[in-house]
There are 2 protein chains.
Amino acid sequence: MKKQKIDDIDIKILKLLEKNSRISNMEISRRIGLSEGAIRKRINKLKKNNIIKGFCVILDYSILGYNVSWIGLNVEKNKIINIIDEIPKDDNIKGIYLTYGDHDIIIEYIYRDKKELENYIKEIKKIEDIKEIWPAINIEKVY
Amino acid sequence: MKKQKIDDIDIKILKLLEKNSRISNMEISRRIGLSEGAIRKRINKLKKNNIIKGFCVILDYSILGYNVSWIGLNVEKNKIINIIDEIPKDDNIKGIYLTYGDHDIIIEYIYRDKKELENYIKEIKKIEDIKEIWPAINIEKVY
DNA sequence: GTTGAAATAAGTCCATG
DNA sequence: CATGGACTTATTTCAAC
């Protein structure tokens, strides 16, 4: 795929969507000073070119009765792709990240009680080539 | 604030918004089988009660020419709130997380080149009561 | 929950550079 | 030939009931 040239207008659109992705095309158009159609076409293009990968919602999981954890995995480096495939995935997985640092893979996992987390860790442990698991790094987004 | 009772319909709405926050109220209403007005009132209530904290966009920062890092900070535990206040904040900060585990605070930071990251680290270092800084944990979201 | 008016989004076509 | 604007139609939002 040819790499899309991003201009200042695209950046402005992305910044507005980062603040509030539910803003209407019309409102973006008013703030930027382009027609609604132009904004819509640009957003679609940004989606097509995978610069916009999706639109999401920031939830307070603690109010919903969940804890949030990041589970760090240290693994055989040449098996990373296989391992990512094998990680059990369900609604409680909010993200899986490839990282270079203390860990190789980080799983963002929400759970209602310790039991649920422990069971999930048990599943993870069954995967071959995982050397270390650093679970239960509870987090709260403060900014 | 009184804690909101969440029912199955709220959960369904949140799941749809998690998949795509730009879905229209109408489309949610069709999928759930409630009127559009009912959906709208529920979303507004979820926002008012801070269960929905915002609507965001998932961007591929690498296509935009950015690297993504998580900077882990180990700090004096009783100074955490002060430190969070003092962390320099700009458009490159995508999140600040309070954590319990390897680090006390994690900053999600995007940068175009090493120089930019280094300058930011330099700013962080000026803050009192930060004991350790673990920067440059580059990440890619794979799921 | 229904309804109707206003706002917004989507689709098409045309002009421009 | 990609982009924005103008126009038309379809859909969505929003508030009164």
Side-chain angles (χ1 to χ4, degrees), chain A residues 1-61 63-65 91 94 141, chain B residues 1-67 91-92 94 110 112 141:
Chain A
M1 196 199 305
K2 219 180 121 203
K3 199 173 162 187
Q4 180 184 345
K5 287 249 169 58
I6 310 283
D7 65 10
D8 287 357
I9 293 169
D10 292 318
I11 298 292
K12 278 183 196 165
I13 292 172
L14 293 176
K15 279 202 201 304
L16 287 171
L17 288 172
E18 276 188 316
K19 273 202 212 94
N20 172 20
S21 63
R22 285 210 127 207
I23 188 174
S24 68
N25 294 340
M26 253 296 163
E27 184 57 30
I28 297 176
S29 120
R30 276 190 291 265
R31 299 217 197 156
I32 291 187
L34 265 187
S35 69
E36 181 273 333
I39 301 294
R40 183 154 35 91
K41 285 168 197 168
R42 277 170 179 266
I43 292 177
N44 284 335
K45 194 176 171 192
L46 289 163
K47 272 159 54 179
K48 205 181 104 256
N49 290 341
N50 228 33
I51 291 166
I52 293 177
K53 296 166 88 172
F55 299 103
C56 59
V57 57
I58 304 165
L59 299 181
D60 188 325
Y61 287 111
I63 296 182
L64 291 170
D91 280 356
K94 292 304 165 192
K141 188 168 188 184
Chain B
M1 195 199 306
K2 216 179 124 205
K3 197 173 164 187
Q4 179 182 347
K5 286 250 167 60
I6 311 283
D7 65 11
D8 287 357
I9 292 169
D10 292 317
I11 297 292
K12 279 183 195 165
I13 293 172
L14 293 177
K15 280 201 201 303
L16 288 170
L17 288 172
E18 276 187 317
K19 274 203 211 93
N20 171 19
S21 64
R22 283 210 128 207
I23 188 174
S24 68
N25 293 340
M26 252 298 160
E27 184 58 29
I28 298 176
S29 119
R30 275 190 292 266
R31 300 218 196 156
I32 292 188
L34 263 189
S35 70
E36 180 273 332
I39 300 294
R40 185 155 34 89
K41 283 171 199 162
R42 278 170 181 264
I43 292 178
N44 284 336
K45 194 174 171 192
L46 289 163
K47 271 159 53 179
K48 208 182 102 253
N49 289 342
N50 227 33
I51 290 166
I52 292 177
K53 295 166 90 172
F55 299 103
C56 59
V57 57
I58 305 166
L59 299 181
D60 188 325
Y61 287 111
S62 68
I63 295 182
L64 291 170
Y66 285 99
N67 302 293
D91 280 356
N92 289 22
K94 293 303 164 191
I110 64 168
R112 288 190 174 275
K141 189 168 187 183

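Per chain, numbering begins at 1; letters A, B, ... match sequence-line order.
Looking at DNA chain C, the stems built from 3 or more consecutive Watson-Crick or G-U wobble pairs, each pair with its key distances under 3.5 Å, are C:1-17 with D:1-17.
The stretch residues 16-35 of chain B touches DNA chain D through B:S24, B:N25, B:M26, B:R30, each having a heavy atom within less than 4.0 Å of the strand.
When the P atom of C:dG11 is taken as reference, atom CD of A:E36 falls 11 Å away, rounded to whole Å. Atom CG in B:N44 sits about 10 Å away from atom C1' in D:dC14, given to the nearest Å. The interatomic distance linking A:D7 (CG) with D:dG4 (C1') rounds to 12 Å, in whole Å. A:D8 has its CG atom 13 Å from the P atom of D:dG4, to the nearest Å.
Within the model, atoms CD1 of A:I58 and OG of B:S21 stand 9.5 Å from one another, a figure rounded to the nearest 0.5 Å. Annotation: the span from B:K12 atom NZ to B:I9 atom CD1 amounts to 6.5 Å, rounded to 0.5 Å.
Residue A:K45 places at least one side-chain N or O closer than 4.0 Å to OP1 or OP2 of D:dT3. In this model, the phosphate group of C:dA10 is approached by a side-chain N or O of A:R40 to a distance below 4.0 Å at OP1 or OP2.
Using modelled atom types, no side-chain atom of A:R22 and backbone atom of B:G54 make a donor-acceptor pair closer than 3.5 Å. Using a distance-only test at 3.5 Å, with no hydrogens or angles considered, a donor-acceptor pair links the side chain of A:D10 to the main chain of A:D7. The closest donor-acceptor contact from the side chain of B:N49 to the backbone of B:I51 lies at 3.5 Å or more, if one exists at all.
Between B:I23 and B:R31, some side-chain heavy-atom pair lies under the 4.5 Å cut-off.
Between A:R30 and A:E27, at least one side-chain N (NZ, or NE/NH1/NH2) sits under 4.0 Å from a carboxylate O, which counts as a salt bridge.
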Evaluate the criterion side-chain contact (heavy atoms from CB on, under 4.5 Å) for residue pair B:L46 and B:L17; output intermediate values, then yes/no. CA-CA 12 Å; B:L46 289 163; B:L17 288 172; 6.0 Å; no

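Taking the side chain of A:K41 as heavy atoms from C-beta on, and the options C:dC13, D:dT3, C:dG1, the nearest nucleotide is C:dC13.
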